[in-house]
Enquirer: 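To start, I am sharing the structure in question, which I have written as C-alpha cells.
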2 protein chains.
Amino acid sequence: MTWTDAGTEPVGRVQRKRDKRIRQILTTAAELVGERGYEAVSLEDVAERLDVTKGSLYYYFPGKDELITAAIETLGDDWSSRLERLPAGQEGTPGQRLRALVREHVAIAVREYPAALRLFLVPSTWPDAQRTRIKELRRRHDRVFRAVLEEGLAAGDFAVLSADATLQCMHASMSQAPEWCGALRGRARERALDELTDTLMKLVAPG
Amino acid sequence: MTWTDAGTEPVGRVQRKRDKRIRQILTTAAELVGERGYEAVSLEDVAERLDVTKGSLYYYFPGKDELITAAIETLGDDWSSRLERLPAGQEGTPGQRLRALVREHVAIAVREYPAALRLFLVPSTWPDAQRTRIKELRRRHDRVFRAVLEEGLAAGDFAVLSADATLQCMHASMSQAPEWCGALRGRARERALDELTDTLMKLVAPG
DNA sequence: GCAAAGTTTGACTTCGTAGTCAATACTTCA
DNA sequence: TGAAGTATTGACTACGAAGTCAAACTTTGC
C-alpha cells in the first residue's frame with residue numbers, strides 16, 4: 001500500500017497530524033468491521049462514528065477495500081509485534097512461557113482488540129484482498145506460539161500428537177475468547193481467562 | 001416460522017413436492033451463506049445456483065431474512081438431531097464415547113456442512129434474527145457434549161479445570177476444522193481429523 | 001494578514017440488491 | 001382435454017451504499 005507513504009522526507013507537523021487522523025480512521029473502521037463484518041459496515045457508518053462525512057474518508061483512502069485492508073494491516077501489525085516482543089523478555093521454563101503467552105494473548109484480545117479478533121476466525125468469508133492479509137497475520141501469530149511450543153517439545157517439557165493440530169486448537173480457542181468473556185468484567189473476566197489458559201495448557205501436557 | 005407449515009392436513013404429492021423444493025432452496029442458501037456470509041449473498045446468487053430466478057424464491061419465502069433463518073433452522077435441526085442420536089447408541093467408557101462424538105462431529109462438519117459450520121463461529125456478526133437461532137443451535141450441540149463430559153467426570157475418567165472452558169475450546173476447535181482440513185482429501189483428511197480428535201481428548205485427560 | 005496548502009462538506013451519480021406483481025407456463029386430476 | 005391449482009418469469013420500483021467533485025472551510029507558514 002502506497003497512498004499513505006510519504007516517501008522519505010522529514011516528517012513535519014502536518015504529516016504527523018495526517019498520520020494521526022489516518023490512525024483514528026483505521027481504528028474506528030477496524031472496530032466497526034470487527035463488530036459487524038465487512039459487508040455490513042458502510043463508510044457512512046465509519047464516518048458517523050468519527051463525526052465527519054463519508055467524503056472525508058475518500059480524501060485519505062481510494063476506497064472501502066483499501067481502507068479496510070489498511071485497517072487490518074495496521075492493527076494487525078501492532079498486535080503481532082507486541083506478541084513477538086513478549087517471549088523474548090521472558091524467563092522460566094517453556095511451560096511458564098507458553099502459559100504467559102497464551103494468557104497475555106487472550107487478555108490483549110479481550111481488552112483491546114475484542115472486535116478485531118473476529119478477523120481471524122473465518123478467513124474464507126472475507127473478500128480476497130482482506131483474506132490474504134488475515135492469513136498472513138495469522139501465520140505471524142502462529143510463528144510466535146510455535147517457537148515456544150517447539151522449545152518445550154525439545155526440552156521434553158511438552159508432549160503433543162501433532163504440533164499443527166495443537167496450535168490450531170489453541171488458536172481457535174483464543175480467537176473465541178472475546179465471544180465468551182467479552183460480556184464479563186473485572187474479576188469474573190480474569191477468572192474466565194485464567195481457566196481458558198489453564199485448559200489450553202493441558203493440550204501440551206506430557207504423559 | 002409458519003409460512004412453511006401446512007397445518008395438519010394429509011400430505012399429498014403436491015405438498016411433498018413443495019417441501020422438497022423448499023429443502024433445495026434452504027440447502028443452497030445455507031451453502032452460499034456459509035461460504036460468503038449473510039450480507040455478501042444475494043437472493044439472485046441463491047436463485048442462480050438453483051437455476052431459477054429470484055422471484056421464485058419469494059413465492060416460498062416472504063424475504064431474505066426469513067429464508068436464511070429457515071435455512072439455519074432446518075439444517076441446524078438435522079445436524080443437531082443427528083448429533084443427539086449418536087451417544088445414545090454408543091457403548092464403552094465415557095472416554096471412548098466422547099472421542100467418537102468429537103470424531104463424528106468434525107467428520108460430519110467437514111464432509112457435509114463445511115460451510116454451514118461457519119455459522120457458529122461469530123454469532124455477534126450476524127443480524128439479530130439469525131444470531132438468536134445460531135446461539136440456540138450452539139447451545140443444543142453443547143448439551144450433547146456436556147452430557148458425556150459430565151458422565152466422564154462423575155466416573156473419574158476425566159479431569160477438567162472448568163467444564164465451560166473445556167467445552168468452549170472443543171467447540172471452537174471443531175468449528176475451525178473445515179477451515180484447516182477442508183482442502184485435504186482422502187486419507188490425509190482422515191489423519192488430520194484423527195489428530196484433531198486426539199488432541200482435543202487431552203483437554204479432558206485426568207492427572 | 002494573507003496566500004497556499006490541507007481538509008471537510010454535501011449534493012450528486014451510479015450501481016447492486018431487496019422486494020413486488022401481472023403475465024405466463026407447467027401440473028394435476030376430474 | 002380443459003379448468004383449477006401451482007410454480008416461474010421478467011420487468012418493475014425503492015432504497016441504500018459506493019464513489020465523485022467543486023465549493024467552502026481550516027490551518028500553516030511567510
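Heavy-atom basis, side chains included; hydrogens, waters and symmetry copies ignored. A note on names: the letters A, B, ... follow the listed sequences, proteins ahead of strands, and every chain is numbered from 1.
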Enquirer: Check this for me: does any side-chain nitrogen of one of A:Glu151 and A:Arg97 sit under 4.0 Å from a carboxylate oxygen of the other?
Expert: yes
Enquirer: Measure from CD on A:Glu48 to P on C:dG10 and round the result to the nearest Å.
Expert: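 Going from CD in A:Glu48 over to P in C:dG10 covers 13 Å.
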Enquirer: On the nucleotide C:dT8, are OP1 or OP2 found under 4.0 Å from the side-chain N or O atoms that A:Tyr60 carries?
Expert: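 Checking C:dT8 against A:Tyr60, a side-chain N or O does come within under 4.0 Å of OP1 or OP2.
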Enquirer: Any donor-acceptor pair under 3.5 Å linking the side-chain atoms of B:Arg18 with those of B:Gln15?
Expert: no
Enquirer: Report yes if a side-chain nitrogen or oxygen of B:Arg18 is closer than 4.0 Å to either non-bridging phosphate oxygen (OP1 or OP2) of D:dA7; otherwise report no.
Expert: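 For D:dA7, OP1 or OP2 has a side-chain N or O of B:Arg18 closer than 4.0 Å.
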Enquirer: For each nucleotide in nucleotides 24-30 of chain C, reading 5' to 3', give B when a protein heavy atom comes within less than 4.0 Å of its base, S when such contact involves only the sugar-phosphate, and - otherwise.
Expert: ---SSS-
Enquirer: Please say whether the positively charged group of A:Lys64, taken as NZ for Lys or CZ for Arg, lies over the ring of A:Tyr58, i.e. under 6.0 angstrom from the six-membered ring centre and within 45 degrees of the axis.
Expert: no
Enquirer: Look at B:Arg49 together with B:Glu35 and state whether they make a salt bridge at an N to O cut-off of under 4.0 Å.
Expert: yes
Enquirer: Under the side chain to side chain donor-acceptor pair (under 3.5 Å) test, which residues partner B:Gln130, sequence neighbours left out?
Expert: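 Scan of B:Gln130 (side chain to side chain donor-acceptor pair (under 3.5 Å), adjacent residues dropped) gives B:Thr69.
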Enquirer: Within the 4.5 Å heavy-atom criterion, are A:Leu203 and A:Val160 side-chain neighbours or not?
Expert: no
Enquirer: Whole Å only: how far is the OH atom of A:Tyr38 from the P atom of D:dA18?
Expert: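 Answer to the nearest Å: 8 Å.
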Enquirer: Roughly how many Å is it from CG in A:Leu57 to P in C:dT9, rounded to a whole number?
Expert: 10 Å
Enquirer: Answer with yes or no whether the side chains of A:Arg99 and A:Gln96 bring together a donor and an acceptor at under 3.5 Å.
Expert: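 Side-chain D/A pair, A:Gln96 to A:Arg99: absent.
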Enquirer: Going by atom types only, do A:Asp45 and A:Ser42 share a side-chain donor-acceptor pair under 3.5 Å?
Expert: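 The criterion, which ignores hydrogens and geometry beyond distance, is satisfied for A:Ser42 and A:Asp45.
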Enquirer: Between B:Arg21 and D:dT6, is there a contact of a side-chain N or O with OP1 or OP2 at under 4.0 Å?
Expert: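 The answer is no; no side-chain N or O of B:Arg21 sits under 4.0 Å from OP1 or OP2.
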Enquirer: Respond yes when some side-chain nitrogen or oxygen of A:Tyr59 is under 4.0 Å from OP1 or OP2 of C:dT7, and no when none is.
Expert: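 The answer is yes; a side-chain N or O of A:Tyr59 sits under 4.0 Å from OP1 or OP2.
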Enquirer: Shorter than 3.5 Å, N or O on both sides, protein versus nucleotides 19-26 of chain D: list them out with atom names.
Expert:
| from | atom 1 | to | atom 2 | distance (Å) |
| --- | --- | --- | --- | --- |
| D:dG19 | OP2 | A:Tyr58 | OH | 3.2 |
| D:dG19 | OP2 | A:Lys64 | N | 2.9 |
| D:dG19 | N7 | A:Lys54 | NZ | 3.1 |
| D:dG19 | O6 | A:Lys54 | NZ | 2.7 |

Enquirer: Got a sec: does the CD of B:Glu48 have more than 12 other heavy atoms crowding it under 6.0 Å?
Expert: no
Enquirer: Whole angstroms only, please: what is the CZ-P distance between A:Arg16 and C:dG6?
Expert: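 Computing the A:Arg16:CZ to C:dG6:P distance gives 16 Å.
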Enquirer: When we call it a touch if two heavy atoms are under 4.0 Å apart, what does B:Val41 touch: a base, just sugar-phosphate, or nothing?
Expert: sugar-phosphate
Enquirer: According to ring-ring contact (aromatic ring centres under 6.0 Å, His included), does anything in residues 129-150 of chain B pair up with another residue at least two apart or in another chain? List the pairs.
Expert: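 Sorted pair list: B:Trp79-B:His141, B:His105-B:His141, B:His105-B:Phe145, B:Phe120-B:His141.
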Enquirer: Rounded to the Å, how far apart are A:Lys20 NZ and C:dT7 C1'?
Expert: 16 Å
Enquirer: Calculate, to the nearest 0.5 Å, the distance between atoms CG and CG belonging to A:Asp78 and A:Leu83 respectively.
Expert: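 CG of A:Leu83 is found 12.0 Å from CG of A:Asp78.
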Enquirer: For A:Glu190, which residues count as a side chain to side chain donor-acceptor pair (under 3.5 Å) partner, sequence neighbours excluded?
Expert: A:Arg103
Enquirer: Grab the N/O contacts between the protein and nucleotides 1-5 of chain D below 3.5 Å, and write none if there aren't any.
Expert:
none

Enquirer: If I take atom CZ in residue A:Phe61 and atom C1' in nucleotide D:dA18, what distance separates them, rounded to the nearest angstrom?
Expert: 16 Å
Enquirer: Rounded to the nearest Å, what distance is computed from the CG atom of residue A:Leu50 to the C1' atom of nucleotide C:dT9?
Expert: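 About 15 Å, once rounded to whole Å.
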